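Input: a single structure, listed below in structure tokens.
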Amino acid sequence: MRIEVTAGDITTTQVDGIIVSLCEDSKRDGVSTAAVVEVDRLLGGAIGSLLDSNGIKGKPNEVTVLHTLGRLPSKIVAICGLGKQGEVTIDRVRDAVAEGCRALRRLGCVSVGTTLVGAGTVGLSQADCAHAIAEGAVLGLYTFTRYRAPEGGDVNRVTLVVREQAVVDELATAVDGGAVLAEATNLARDMVNEPGNYMTPSRMAEIAQDVAARCGLGVTVLDKDDMVSMGMGALLGVAQGSAEPPKFIRLDYDGGGADSPRTALIGKAITFDSGGISIKPSEGLAEMKDDMAGGAAVIAAMSAIARMKLTSNVTGLIPATENLPGGRAFRPGDVLKSLSGKTIEIISTDAEGRLLLADAISYAINEGMSPLIDVATLTGACRVALGTIYSGVFSNNDDVAARFLEASFRSGERMWRMPLADEYRELNKSQIADIKNTGNRYGGAITAALFVSEFAGSTPWLHADIAGTSNSTKDSGVVVKGATGVPVRTLFEFVRGG
Ligand code: BES
Ligand code: MN
Ligand code: ZN
């Protein structure tokens with residue numbers, strides 16, 4: 001899909017459908033933006049009377065479509081709600097455009113024109129709105145149709161129509177930036193939506209190599225033999241039960257000086273999590289193909305970091321394997337020796353993600369990287385605690401945590417900090433090894449994070465548990481049914497924010 005900026009008048013632009021927006025408190029006189037007023041006039045006051053009769057409320061995510069019946073060059077107008085005037089945020093702009101684009105696509109529009117949705121409301125710059133509009137369009141129109149026929153047509157062009165020629169170049173740059181982030185998010189979505197029989201560790205490594213070649217990143221893929229000689233016993237323990245070879249993928253981006261620190265982005269990549277010998281119940285098992293969402297997010301974020309030429313050094317680390325109960329599978333009761341040298345007693349082979357993270361974190365520490373950011377679909381408990389919209393964030397460093405939450409605020413990907421409660425550390429104590437891989441029934445997201453923190457030690461580290469947020473059961477704003485691509489844009493914003 002192409003997305004471009006032109007100067008002109010939205011009401012005379014030759015496109016199939018147009019997007020205009022209004023706020024919840026606009027009444028007839030407040031048919032707010034100039035574009036809405038003009039569209040309203042051309043449609044004989046239809047918008048005003050719908051506002052009067054409460055047919056249009058202007059609530060967030062509300063879309064009203066009107067057929068223009070020849071009164072405008074475009075066939076359809078989508079009127080998108082932004083909520084109350086004083087409360088319009090960049091998130092609302094993104095979501096409004098996403099909803100508007102989907103509504104127009106449903107009605108067969110192939111080309112879409114949009115006004116500068118959100119501009120003019122308090123605190124939002126034109127460039128921020130343009131960036132958000134591009135994100136909203138590209139994220140909202142995402143579909144995954146590799147294995148089925150598409151339901152309808154596709155939008156192939158979105159044009160942002162602004163009044164003054166003077167701002168076109170600046171807004172075009174903002175639009176390009178938004179599109180890069182949204183395309184990266186869609187790359188992660190594509191990987192997560194792929195079934196487990198295609199998205200194997202080897203396939204993830206191939207994609208990482210493609211991304212590296214395309215975006216100019218260094219890439220290294222460690223094979224099982226490399227992992228054996230390095231001593232990645234925790235990762236290898238998980239990989240034992242599967243015939244698919246594990247891969248440890250490394251992507252390097254050098255945007256900072258040679259003496260600058262190097263951030264590590266670490267993503268759990270279990271391409272299918274059966275639970276292993278501690279096998280999961282059959283219900284909902286198909287969903288466990290998305291247990292590589294953390295790894296996919298890291299690969300995708302690295303692509304955006306390189307394309308936008310951020311000025312930091314960043315390395316993506318993606319430990320990738322299946323978790324299957326084959327004849328060589330690791331067992332509950334086994335003791336694994338991790339890369340750090342710490343021994344781990346396996347209580348449940350289903351608590352496998354933390355084992356991958358342990359070895360990847362030790363690898364990053366050995367390479368002198370800091371801070372360490374890991375993202376993982378780690379615990380069902382996190383989904384129980386925070387639901388499907390908020391990811392859980394844990395950190396041993398308040399500064400890193402504050403910067404990460406700030407980044408999530410900018411991206412609109414919701415996050416909430418959870419306690420890394422020292423009081424619970426004893427729950428991970430083992431009788432026969434340095435640590436065991438599960439706590440007890442309660443506080444499962446916390447005990448998992450505490451386990452991982454033991455391997456980070458005093459290195460600044462943050463863990464985002466995305467088990468609740470990696471998938472959505474419905475379309476809502478920029479989120480579409482299936483993989484969400486969380487937290488690609490937050491990782492990018494974190495690195496950009498410094
Ligand atoms: N991949 C799962 C976590 C998960 C659960 C992700 C639901 C998405 C949706 C993880 O490997 C796992 O199985 N965790 C266990 C931990 C338990 C054995 C301590 C869990 O959450 O049940
Ligand atoms: Mn598991
Ligand atoms: Zn898992």
Side-chain angles (χ1 to χ4, degrees), residues 192-193 196 199 201 204 234-235 237-242 244 246 266-297 318-325 329-334 336 344-360 374-392 394 418 424 427-430 435-452 463-473 482-484 486-487:
V192 176
N193 283 329
M199 196 48 57
M204 286 189 79
L235 168 49
V238 179
Q240 264 170 232
S242 168
E244 280 294 334
I266 300 169
K268 168 181 172 181
I270 295 289
T271 58
F272 183 71
D273 183 12
S274 71
I277 298 295
S278 313
I279 199 161
K280 286 179 183 294
S282 175
E283 200 189 318
L285 200 46
E287 195 198 315
M288 282 302 132
K289 70 172 187 178
D290 81 358
D291 211 16
M292 34 59 75
I318 302 98
T321 177
E322 287 188 317
N323 185 21
L324 289 186
F330 74 141
R331 320 155 187 77
D334 283 2
L336 303 178
I344 305 168
E345 180 188 8
I346 302 305
I347 302 299
S348 168
T349 61
D350 197 12
E352 84 297 336
R354 63 198 78 184
L355 301 171
L356 268 58
L357 295 178
D359 277 352
D374 83 64
V375 293
T377 45
L378 205 64
T379 66
C382 194
R383 182 192 284 189
V384 172
L386 292 177
T388 58
I389 295 175
Y390 279 78
S391 304
F394 301 82
M418 304 274 274
Y424 298 157
L427 297 172
N428 287 332
K429 288 216 166 105
S430 163
I435 193 167
K436 64 184 171 74
N437 80 330
T438 61
N440 66 9
R441 240 161 71 82
Y442 303 116
I446 300 175
T447 50
L450 285 168
F451 177 95
V452 180
H463 157 64
D465 193 330
I466 56 167
T469 54
S470 63
N471 255 277
S472 175
T473 52
T484 60
V486 167

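Computed from a prediction, not measured in an experiment: that's the story for all the values here. Note that ligands are numbered from 1 as they come in the structure, with each ligand's atoms numbered from 1 the same way.
Across Thr438, Leu378, Leu357, Asn428, a single residue satisfies side-chain contact (heavy atoms from CB on, under 4.5 Å) together with Phe451, and that is Asn428. Paired with Leu355 under the rule side-chain contact (heavy atoms from CB on, under 4.5 Å), one option of Val452, Leu235, Ile346 passes, and it is Ile346.
Short contacts between ligand 1 and Glu287, defined as distances under 4.0 Å to a heavy atom of the residue, involve ligand atoms 9 (C). Interface of Thr377 with ligand 1, defined as ligand atoms under 4.0 Å from a residue heavy atom, comprises 1 (N), 2 (C), 3 (C), 6 (C). Interface atoms of ligand 1 facing Met288, defined by a heavy-atom separation under 4.0 Å, are 1 (N), 4 (C), 5 (C), 6 (C), 7 (C), 8 (C), 9 (C). Annotation for ligand 1: atoms under 4.0 Å from non-hydrogen atoms of Thr379 are 3 (C), 21 (O). Atom numbering of ligand 1 starts at 1 in the shown order; those under 4.0 Å from a heavy atom of Thr438 are 19 (C). Within the listing of ligand 1, atoms 11 (O) sit less than 4.0 angstrom from a heavy atom of Glu352. The Lys268 neighbourhood of ligand 1 comprises atoms 1 (N), 10 (C), 11 (O), with distances under 4.0 Å to a heavy atom of that residue.
Panel note: side chain Lys436, backbone Ser348; no donor-acceptor pair is recorded below 3.5 Å. Of the possible donor and acceptor atoms, none in the side chain of Thr349 sits under 3.5 Å from a partner among the backbone N and O of Arg331. Within the 3.5 Å criterion, the main-chain N or O of Gly196 finds no donor-acceptor partner in the side chain of Thr271. Between the side chain of Asp359 and the main chain of Ala234, a donor-acceptor pair closer than 3.5 Å is present. Between the side chain of Asn323 and the backbone N or O of Ser274 there is no donor-acceptor pair closer than 3.5 Å. A distance-only check finds no donor-acceptor pair linking the side chain of Asp291 to the backbone of Asp273 [under 3.5 Å].
Put simply, the side chain of Arg354 reaches to within 4.5 Å of the side chain of Thr379, judged on heavy atoms. In this structure, Val238 and Ile270 have side chains that are in contact, with non-hydrogen atoms separated by less than 4.5 Å.
Taking every heavy atom of both residues into account, Met418 and Ala385 meet most closely at CE-CB, 4.0 Å. Of all heavy-atom pairs spanning Glu322 and Ser242, the tightest one is OE1-OG, 2.6 Å. A pairwise comparison of heavy atoms in Thr377 and Lys268 identifies O-NZ, 2.9 Å as the closest pair. Across Ala467 and Asp465, no two heavy atoms sit closer than the pair N-OD1, 3.1 Å. For the residue pair Pro319 and Ile266, the shortest heavy atom distance occurs at CD-CG2, 4.5 Å.
Looking only at heavy atoms of the protein, atom 16 (C) of ligand 1 is closest to Arg354 NH2, 3.7 Å.
Within the 4.0 Å heavy-atom criterion, neither part of Arg441 lies near ligand 1. Neither the backbone nor the side chain of Met292 has a heavy atom within less than 4.0 Å of ligand 1. Using a 4.0 Å cut-off between heavy atoms, Asp350 contacts ligand 1 through both its backbone and its side chain. The proximity of Leu378 to ligand 1, defined as any non-hydrogen pair under 4.0 Å, is limited to the backbone.
Protein heavy atoms come within 4.0 Å of atom 21 (O) of ligand 1.
For ligand 1, none of its N or O atoms has an N or O atom of Arg383 under 3.5 Å away. An N or O contact shorter than 3.5 Å is missing between Ser348 and ligand 1 by distance. Not one N or O of Ala467 is nearer than 3.5 Å to an N or O of ligand 1, by distance alone. The shortest N or O to N or O distance between Asp290 and ligand 1 is not below 3.5 Å. For Asp273, a nitrogen or oxygen atom sits less than 3.5 Å from a nitrogen or oxygen atom of ligand 1, counting backbone and side chain alike.
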(message) Leu285 vs Glu283, test: side-chain contact (heavy atoms from CB on, under 4.5 Å). Steps then yes/no.
(response) CA-CA 5 Å; Leu285 200 46; Glu283 200 189 318; over 6 Å; no
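Distances from the Zn ion (ligand 3) show that Asp350 has no N/O/S atom below 2.8 Å. At a cut-off of 2.8 Å, Ile270 is not counted among the residues with an N, O or S atom near the Zn ion (ligand 3).
Closest N/O/S atom of Asp291 to the Zn ion (ligand 3): OD2. Asp273 contributes atom OD2 as its closest N/O/S atom to the Zn ion (ligand 3). Considering just the N/O/S atoms of Glu352, the one nearest the Zn ion (ligand 3) carries the name OE2.
Using modelled atom types, one finds a donor on one side chain and an acceptor on the other under 3.5 Å when comparing Thr469 with Ser391.
Of all protein atoms, those of element N, O or S that lie under 2.8 Å from the Mn ion (ligand 2) number 4.
The salt bridge (Lys or Arg N to Asp or Glu O under 4.0 Å) search around Asp290 returns none, not counting sequence neighbours.
Under the 4.0 angstrom criterion for non-hydrogen atoms, Gly444 is not in contact with ligand 1.
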